[in-house]
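Okay, so here's the structure we're looking at.
These numbers come from the heavy atoms of this one structure, side chains and all, not from hydrogens, waters or symmetry mates. For reference, positions follow the sequence shown, starting with 1.
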Amino acid sequence: MFEFNATFLIAMFSFVVFILIMNSIFYQPILNIIRKREEYINSNYEDSKKFAQNANDLQNSRAAKLEQTQDKCRQEFKTVVDKVQSDAGEQIKEAKENSKKAIQAKKADLISEEESLKSSLKDSVVKDLASSIVSKLTGIDSKVDDIDCKSLVK
């Protein structure tokens, strides 16, 4: 069934030579290409990991800077609002004081005007009354202008 003869040895020898030739001509270049491709893929994979890490670091840095900027803007906004509110409060206080002063000045003016009107009215009433009394007593219509009303009316 199974014979060992020269044909078998030659077939085996030719098969080994064929394998060695195929290995040097075909398999070795293909294995080199596969090895280079794996190295290329691995290096690209490592580079992509580095780039992803760098992108993540940049994103974290950006988020931190954005948060710092927002905090700074909030603080500046709060400072400006506080300043404007205090300025507005001072202006309102100053306006109230000015209004009070103006009201008091107007009151004083009105009081002095009232006093002058009262005195002039008293003078005219006293003069009219004096003229009426003189005309009734004497029977002659005469006007009295020489009366010092201030000494009479107190």
Worksheet item: Is Arg74 atom CZ crowded by more than 12 heavy atoms from other residues, nucleotides or ligands, each under 6.0 Å away?
Response: yes

Worksheet item: Is any side-chain heavy atom of Asn32 closer than 4.5 Å to a side-chain heavy atom of Arg35?
Response: yes

Item to complete: Kindly work out whether a path of hydrophobic side-chain contacts (I/L/V/M/F/W/Y, heavy atoms less than 4.5 Å apart) joins Phe18 to Tyr27.
Response: yes

Worksheet item: Going hydrophobic residue to hydrophobic residue with side-chain gaps under 4.5 angstrom, can you get from Ile25 over to Val17?
Response: yes

Worksheet item: Counting heavy atoms not belonging to Gln59, are there more than 12 under 6.0 Å from its CD?
Response: no

Fill in: Heavy-atom check, side chain of Glu114 versus side chain of Leu110, under 4.5 Å
no

Discussion item. Just verifying a value: how many Å separate Gln53 CD and Ser48 OG, rounded to the nearest 0.5 Å?
Written reply: 12.0 Å

Response to the item:
Rounded to the nearest 0.5 Å, the CG atom of Asp71 sits from the CD atom of Glu76 at a distance of 11.5 Å

Item to complete: Please test Ile41 against Arg37 for side-chain contact (heavy atoms from CB on, under 4.5 Å), starting from the C-alpha separation and ending with a verdict.
Response: CA-CA 6 Å; Ile41 290 171; Arg37 182 132 178 117; 3.9 Å; yes

Worksheet item: From Ser14 OG over to Leu9 CG, what is the distance, rounded to the nearest 0.5 angstrom?
Response: 10.5 Å

Worksheet item: Do the charged groups of Lys106 and Asp109 touch, with an N to O distance under 4.0 Å?
Response: no

Worksheet item: Gln28 and Ser24: which non-hydrogen atoms are nearest, and at how many Å?
Response: CB-O, 4.2 Å

Worksheet entry | OG-CD distance between Ser120 and Glu113, expressed to the nearest 0.5 angstrom | 10.0 Å

Fill in: Polar side-chain atom of Asn42 near backbone of Glu38 as donor-acceptor pair, under 3.5 Å
yes

Response to the item:
The reported gap from CD in Gln85 to CD in Glu90 (rounded to nearest 0.5 angstrom) is 12.5 Å

Worksheet item: If Ile, Leu, Val, Met, Phe, Trp and Tyr residues are connected whenever their side-chain heavy atoms lie under 4.5 Å apart, and connections chain through other members, are Met22 and Ile34 in the same group?
Response: yes

Worksheet item: Are any non-hydrogen side-chain atoms of Leu66 and Gln70 less than 4.5 angstrom apart?
Response: yes

Worksheet item: What is the distance from atom CZ of Phe26 to atom CD1 of Ile21, rounded to the nearest 0.5 Å?
Response: 14.5 Å

